[in-house]
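Since the structure comes first, as structure tokens, the remarks are kept for the end.
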Amino acid sequence: MQELPKSYAPQEVEDKWYQVWESNGLFHADSGSPKKPYTVVIPPPNITGILTMGHVLNNTLQDVFVRWRRMQGYEACWVPGTDHAGIATQHVVEKSLQKEGIARRELGREKFVERVWQWRELYGGTIIKQLRKLGTSCDWKRERFTMDEGLSNAVQEVFVRLHEKGLIYRGKYIVNWCPKDHTALSDDEVNYSDSNGHLWYIRYPVEGSAQELVVATTRPETMLGDTAVAVNPGDERYKELVGRRVRLPLANRSIPIIADDFVDAEFGTGAVKVTPAHDPNDFQIGERHKLEKPIIMDTSGKMNEQVPNKYRGLDRYECRKEVLRDLEREQLLVKTVDHVHSVGHCYRCDTVIEPYLSDQWFVKMKPLSEKALAVVQSGEVKFYPERWTKVYEHWMTNIRDWCISRQLWWGHRVPAWYCDSSEHPAPPCREPVVSRTRPVRCAHCGGTKFRQDEDVLDTWFSSWLWPFSVFDWPKESKDLEYFYPTDTLVTAPDIIFFWVARMIMAGLEFRGKVPFHDVYFTSIIRDMQGRKMSKSLGNSPDPLDVIATYGADALRFTVLYLAPIGQDVLYSNEKCEMGRNFANKIWNAGRFLLLNRDALEAESPSAFPVVGSAPSNDLSDKWIVSRFNATVKATTESLEHLQVNEAAKLLYEFMWHDFCDWYVEFAKNRIAETPDPNMKKAIVQRAIRIYEETLKLLHPFMPFVTEEIWQHLAERRPGESIMKAPWPECEAGQLNPVAEKEMELVQEIVSGVRTIRSEMNLPPAKEVDAIVNCHEEGKKSILENNRNLIVRLARVANLTIGTGLAKPGYSASSVIQGQELFVPLKGLIDIDVERTRLEKEISRIEGQLRGVEAKLSNPSFADKAPAEIVEKERDKKQNFEQTILKLRASLSQVQG
RNA sequence: GGACGCUUAGCUCAGUUGGUUUAGAGCGAUGCCCUUACAAGGCAUAGGUCGUAGGUUCGAGCCCUACAGCGUCCACCA
């Protein structure tokens, strides 16, 4: 066998294995399988997206779950795909067209949408390609896109069904309007931020008197759309004005003074101008008081024909200036004060949103939300971490109707048609006809000309169907039956309302079953200063660079190790050194074992023995088998509780510190000590067995390096992969607390000698003698049985183990588990150093002794604490006392 | 204004239902080693009154209360 390189080179193996996996169909799941399914649907990334650290964490977690379950024997299916991302994509394509000097509106709808599809062909798969670099084991044959024919059918079907049930309606509502993107935004798509504005106090003269009413506003231009002034009904100042009218300045209209509870008498002047078409609260007031709702701006935020001539065509901010100038001229502006208030911005383009009255499509949410709330409260759908359930509950109980129409061109077009027969402009024909297909004949007028609704649907209106639409719903397919409901959803907590809640509602409404059982909310990855990663800050590392530098496994392992459920993670590329070093450690352990096996193979012709899962009689074997089984148990349990970082830590600890630091070192010694080549082979073979099993445990975390070495460990059939190796199971019978305890003593003695050597400044190569004076027969025989291990690992020339042994002169000493360790160092010992060392040790243990004594002398401790605990404390006390005695004795005869 | 979270070693963080003597890890620091798997490594050492103040308990990093600092989400802002 050819020798492995000295260090692991991920670049040379990653692409190779990914291709093998994919071309052998190892990612593919089949609904005809007799196995139990395990299903995950990817949160579909936007086609405009590129891979970020957030995706890395999210998708690596999914891959861990999927690879683990696959190894456990499930028919594991991970459905990948992308989201058409309405506004985001339209923006990107619009921008690229701008570079060619083409405007979207000039191009026209049909041509533009064509161009978007072309763009998607070229660039829409970027993030999918990048995901492969990470090693994700997605079932690529099932890749879906939210605008695929099948998924579009699902969207249309859902729209029609909800409309038939009366859950979709068309209404005039105040929506968040982006004057730049020309679209309505859902409440969640608006970002509010504080901004420094002003509060302007404006005089409104009361009709038929010299009185005036002063109102305060942050948006004076909207006064042109005022249809009332409102005061609090309990406000004494204005009591007799209610019911009278004011003259609206500039517009020169007469509007009423009304009383409404919404008004806060404390704020401003206690009198509010009411602009029902341009403020959500004013809209509510307008509804209550049956006010006119004149719209005074066009869709670009420019003043329209509803305002006096001189303002028409002005942008809302230019108009504000004009209005203020005019008010000032007419001496109607009382004062201007600075005022900080929060202003909504478009989440795409950051333009200040305009509350705008318009015709939109809505989904009634209340009927859908009740069941969806119940399944989370009952635990049928579990959130990790659990605290998000509260956030969910709050939102679901205060849910508002969902505005689903968007004034875009890229997306699923609303399946509603309007009769467009010009000869029959009768009112009933204005009502939209919602239908799966274009209507043929108008039921009212018999006309045959129809015009489809111009709007498209919110992107989330396709995403909320994702867990079943990817399995061809509304067709009742075998796949749908087998793979739905899915099992684990891994997503970010900031889309809990956008997506998670709505998927639960859709799953229950259209499938009668929850869409998934566990929801894992990922951490947010931040930079080392705790800032969110963003393009504008330039603090988001490119995962592909990281993979090129450190390797995909290193990146995966590091991110998993750093991210407990639901905590933010401060990340920098350098942290990947940890993962890289670990991959290299795994690599080199394998390299060592293979070098030894090859050497033994060359040395003697006999075959290697077959070893089972049981250990030999050797303590180190019993110990590592016990530790291995404990690790299998703990790792599996951690994964079952979705504690991936805990699992990663357990494996890191076992592989590095138990297996490499101790077991391999023991094995070296045992190989050297054993003359019989067959025994040597058995030792190596046992080590390889444990190593191979550990590789399986590591595979979901670090798929590439584990596959590469696994392939070297034995002759594999073509297409055979560690991916399909069975997940190790804990053999409870191999857990061996006695062996672990015994090994602990051996390890502590070895460390004891090393500590003395180090503190006495002796180079590791310098051999020393050691004497262990035992006070317990059991411990003596353990040490006797393992003297070779101690001799080798502690680099001891002559090891004496016995009872009643005297401390030689000029020796360093320590007490380990009640046994005395002496290291004679005549001519090498620094008496002062040794004395200080012992004194320090004594005072440390004296401190502990005092703690235990304080506990025991407390009468209520003995009374109330369980007997078992009290007994433990007594033992501790005794051990401390004896250790101190022994150390004192050593101290008094440092020089002999 | 409402809800939730965080505060543990120089840095980044574990610590899963309160009870092993000494509160752990990684990075960093210090000392000795290129000991034929790995210097991306080995061995050892130093470093913490667990945010502050109370309380519950025989016993608190963990439970309760208040406070401080940081952060997230929601609502409102004429």
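Letters A, B, ... mirror the listed sequences (proteins, then strands); counts begin at 1.
- Counting heavy atoms from C-beta outward, A:His712 and A:Glu708 have side chains that approach closer than 4.5 Å.
- Side-chain atoms of A:Asn573 and A:Tyr571 include a donor-acceptor pair closer than 3.5 Å.
- An OP1 or OP2 oxygen of B:C38 is reached within less than 4.0 angstrom by a side-chain nitrogen or oxygen of A:Lys6.
- A:Lys877 comes within contact range of no nucleotide atom at all, as no heavy-atom separation falls under 4.0 Å.
- Residue A:Pro866 is classed as a base contact, given a heavy-atom separation below 4.0 Å to a base.
- Between B:G19 and A:Lys872, no contact under 4.0 Å exists linking OP1 or OP2 to a side-chain N or O.
- Look at the P atom in both B:A66 and B:A3: the space between them is 11 Å, to the nearest Å.
- With hydrogens and angles ignored, the 3.5 Å screen pairs a side-chain donor or acceptor of A:Lys680 with a backbone N or O of A:Ile671.
- Judged purely by atom type and a 3.5 angstrom limit, A:Lys293 has no side-chain atom pairing as donor or acceptor with the backbone of A:Phe283.
- Not one N or O on the side chain of A:Arg320 forms a donor-acceptor pair closer than 3.5 Å with the backbone of A:Pro220.
- Remark: A:Lys668 qualifies as a cation-pi partner of A:Phe592 under the 6.0 Å distance and 45° angle criteria applied to the six-membered ring.
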Any protein N or O atoms within reach of nucleotides 41-44 of chain B? Criterion: under 3.5 Å, listing atom names and distances.
residue: B:G41; atom: OP1; partner: A:Asn581; partner atom: ND2; Å: 3.0
residue: B:G41; atom: O3'; partner: A:Lys585; partner atom: NZ; Å: 3.1
residue: B:G42; atom: OP1; partner: A:Lys585; partner atom: NZ; Å: 3.3
residue: B:G42; atom: OP1; partner: A:Trp656; partner atom: NE1; Å: 2.5
residue: B:A44; atom: OP1; partner: A:Ser751; partner atom: OG; Å: 3.3
residue: B:A44; atom: O2'; partner: A:Ser758; partner atom: OG; Å: 3.0

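- Within the 4.0 angstrom heavy-atom criterion, no nucleotide atom of any strand lies near A:Val215.
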How does RNA chain B read in dot-bracket, base by base from 5' to 3', with Watson-Crick or G-U pairs under 3.5 Å and | used when the partner is on another strand? (((((((..((((.....[....)))).(((((.......))))).....(((((..]....))))))))))))....
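- If you check every strand for non-hydrogen atoms under 4.0 Å, A:Val664 touches a base.
- Between A:Phe557 and A:Phe582, the two ring planes are tilted [angle within 30° to 60°].
- For the C1' atoms, the distance linking B:G48 with B:G55 amounts to 25 Å, nearest Å.
- The P atoms of B:A29 and B:G24 are separated by 23 Å, rounded to the nearest whole Å.
- Taking atom P in both B:A9 and B:G61, one finds a spacing of 15 Å when rounded to whole Å.
- Counting any heavy atom pair closer than 4.0 Å across all strands shown, A:Arg795 reaches a base atom.
- Within the structure, every side-chain polar atom (N or O) of A:Lys649 is placed at least 4.0 Å from both OP1 and OP2 of B:A14.
- Between A:Asn761 and A:Lys840, it is A:Asn761 whose nearest contact on RNA chain B lies nearer the 5' terminus.
- Among the heavy atoms of the strands, none lies under 4.0 Å from A:Asp282.
- Ring centroid separation for the pair A:Phe497 and A:Trp395 comes in under the 6.0 Å cut-off.
- In this structure, the CZ atom of A:Arg844 is 15 Å from the P atom of B:G48, given to the nearest Å.
- Across all strands, A:His339 comes closer than 4.0 Å only to sugar-phosphate atoms, never to a base (heavy-atom distances).
- Listed by chain and number, the residues in a side-chain hydrogen bond (donor to acceptor under 3.5 Å, both in side chains) with A:Glu759 amount to none (sequence neighbours excluded).
- Comparing B:C33 with B:U17, their C1' atoms sit 46 Å apart, to the nearest whole Å.
- Using a 4.0 Å cut-off between charged side-chain N and carboxylate O, A:Lys649 and A:Glu646 make no salt bridge.
- Residue-level contact check: A:Leu199 touches the backbone only, with heavy atoms under 4.0 Å from sugar-phosphate atoms and none from bases.
- No donor-acceptor contact under 3.5 Å links the side chain of A:Gln643 to the base of B:A14.
- Between A:Ala589 and A:Tyr561, the residue whose closest nucleotide on RNA chain B is further toward the 5' end is A:Tyr561.
- Nucleotides B:G51 and B:G15 are separated by 14 Å at their P atoms, to the nearest Å.
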